[in-house]
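To find a chain, count down the sequence lines: A is the first, B the second, and so on, and within it residues start at 1.
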2 protein chains.
Amino acid sequence: MTSPTGTQAVDRAAQLLREVVHCPDAVTFTELATATGLAKSTTSRLLMALERGGLVRRDDHGGFRPGEMFVGYAWRGGAEAGLVAVARPFLDRLGDVTSETINLGVASNGMVEQIAQVESTYLIGGTNWVGLSVPLHCAALGKVLLAYGAAQLPPGRLEHRTARTITGRAALQSDLAEVRRRGYAVTDEELEPGLIAVAAPVYSGGAAVMAALSVSGPASRLTRDRIQHVAAACIAQANALSAALGYPPQREGAA
Amino acid sequence: MTSPTGTQAVDRAAQLLREVVHCPDAVTFTELATATGLAKSTTSRLLMALERGGLVRRDDHGGFRPGEMFVGYAWRGGAEAGLVAVARPFLDRLGDVTSETINLGVASNGMVEQIAQVESTYLIGGTNWVGLSVPLHCAALGKVLLAYGAAQLPPGRLEHRTARTITGRAALQSDLAEVRRRGYAVTDEELEPGLIAVAAPVYSGGAAVMAALSVSGPASRLTRDRIQHVAAACIAQANALSAALGYPPQREGAA
DNA sequence: TCGCATAGTTCCATCTTACGGAACCGTGTT
DNA sequence: AACACGGTTCCGTAAGATGGAACTATGCGA
């Protein structure tokens, strides 16, 4: 059994809860019972306890959905603060692996907002960009958000930042297609001369991308070969973060 | 004891979880133990189980915060869907009491978006407005959202809808002050001739208003006296909804 | 540098509490 | 009307949860 140490009631309840919360739409009693392999009676009692605690709610047709505690939390805007905290270890790990500057960004009215950062261990590295917003089309984070539909390009001309900035919409579209194809984005001195960044998508719901994770550094260090390597690491951590947020395929109980 | 029927482990865990989720910032182990009155050992075991289940997370300094399950849910946008579901019974109750059209609205880029509705039982009543956005300054919902800082008035002229629409910013400000003073907003044929509505704020976090609840009907039925009465009912249900979302003062375990 | 206090985890004997099979209820179906 | 299905309640059993105390870790003051 998967009972590390005497608390299987709560573990089982959490298991049920996970099913309910993960599932985009209502889950039925029987689905829960079979999914977790618990006896009907046990399932019933646990669900009633969860309901009592406001963790689960049953809709008109008996389907289960996340309860007031979840809804209240979401409305209180815990999301962003929480994301940063949940993401931190993954950023750190990526920082350890690459030694470069790591950023987590989300779309915020037509720009990328960087919401968390890990400093490079090199002397030459990024300054602190947290809170800073940059245009979508010339940042690796932004390209990812655009490519996966987490942001829409604002109307108007695409701002010209460097000689390499992509300012044509058609050119940008084909670049985004490329991003989708290989699973990560690159900006090669398109935002600022000498600055290269790669970014990968963070999934957080069926197929929805909510945030992006990037590695940035000077062109001198991020050579063609190294970009491949860094991109792989970036994708790996982005995926791990996605998993932590709940939504890859489905999960069972096991460590 | 408050154990309705054999599941106190889960009930206690839910109690702990509630403390953690309700609290805007991290909660310490000891605070939890004392707040719930559980033995240290029990608290420890339960928290470990919750942590294992991804319901709770401990930050660097040992403080407890809502875990990945909450963050993931919030990021998946469960908020809006959930709000409607959680709110439904309150809307229904308000509908029963007033027999008028009930709406739940949130701010959405400079407008009020109606996200749920209960139809009037009268033949003359509102049509279906769900999904419809109306200007903030001439809707009762919008005035509430403005008055409590849940929405900002977009720049530019205030659209003129009827002879009574308030189009002066100063006049609107004093109306909003009035809203704050008495706790509810009224639009008296300011959006559409013959349409009167009252609305009250839905709190969902410390002092933050996230949504508003309204009662609308024809001027013929919503007379001056009746408005008082309806407003009281509206406020009552709005408060009840706020409570359901978690955040009035604090709660203890008791039915 | 060394205790001491504070904070949290692990142990363990006790017995309460959760378990699951079966009986039971309520509803929608043919 | 009788049935199948989905869910809740009952009840004896024993397994899991409990809390006090012992123990470990960490920070604090002297």
Would you kindly compare A39(B) and T28(A) by the position of their nearest DNA chain D nucleotide and give the one closer to the 5′ end? T28(A)
Here's a test of your reading of the structure: between A9(A) and F64(A), which maps to the more 5' nucleotide of DNA chain D? F64(A)
At less than 4.0 Å, is any side-chain N or O atom of S41(A) found next to OP1 or OP2 of dC19(C)? Yes or no. no
Report yes if at least one side-chain N or O of R12(B) is closer than 4.0 Å to OP1 or OP2 of dT16(C); otherwise report no.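 For dT16(C), OP1/OP2 do not have a side-chain N/O of R12(B) under 4.0 Å.
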Integer-rounded Å distance: [N] [atom2] and [X] [atom1]:
X	N	atom1	atom2	answer
R58(A)	dG7(D)	CZ	P	8 Å
L50(B)	dT9(C)	CG	C1'	16 Å
L46(A)	dT17(C)	CG	P	16 Å
L38(A)	dA15(D)	CG	C1'	15 Å
L16(A)	dG7(D)	CG	P	13 Å
L47(B)	dT10(C)	CG	C1'	15 Å
M48(A)	dC10(D)	CE	C1'	13 Å
D11(A)	dA18(C)	CG	P	14 Å

Which one, [options], comes nearest to the side chain of [X]?
X	options	answer
K40(A)	dT9(C), dC19(C), dG7(D)	dG7(D)
T42(B)	dA17(D), dG20(C), dG19(D)	dG19(D)
Q8(A)	dG20(C), dC19(C), dT9(C)	dC19(C)
T7(A)	dT9(C), dA17(D), dG20(C)	dA17(D)

Would you call the rings of F70(A) and F70(B) parallel, tilted or perpendicular, where under 30° means parallel and over 60° means perpendicular? parallel
With a 3.5 Å cut-off and heavy atoms only, can you find an N or O donor on one side and an acceptor on the other between the side chain of R45(B) and the base of dG8(C)? no
When rounded to the nearest 0.5 Å, the distance separating CG of L213(A) from OH of Y184(A) is 14.5 Å
Can you tell me how far apart OG1 (T101(B)) and CD (E119(B)) are? Round to the nearest 0.5 Å. 6.5 Å
Closest approach of G217(A) to E100(A) (non-hydrogen atoms, all atoms of both residues): CA-OE1, 3.7 Å
Out of the candidates I102(A), V215(A), T98(A), only one should pair with C234(A) under the side-chain contact (heavy atoms from CB on, under 4.5 Å) rule; please name it. V215(A)
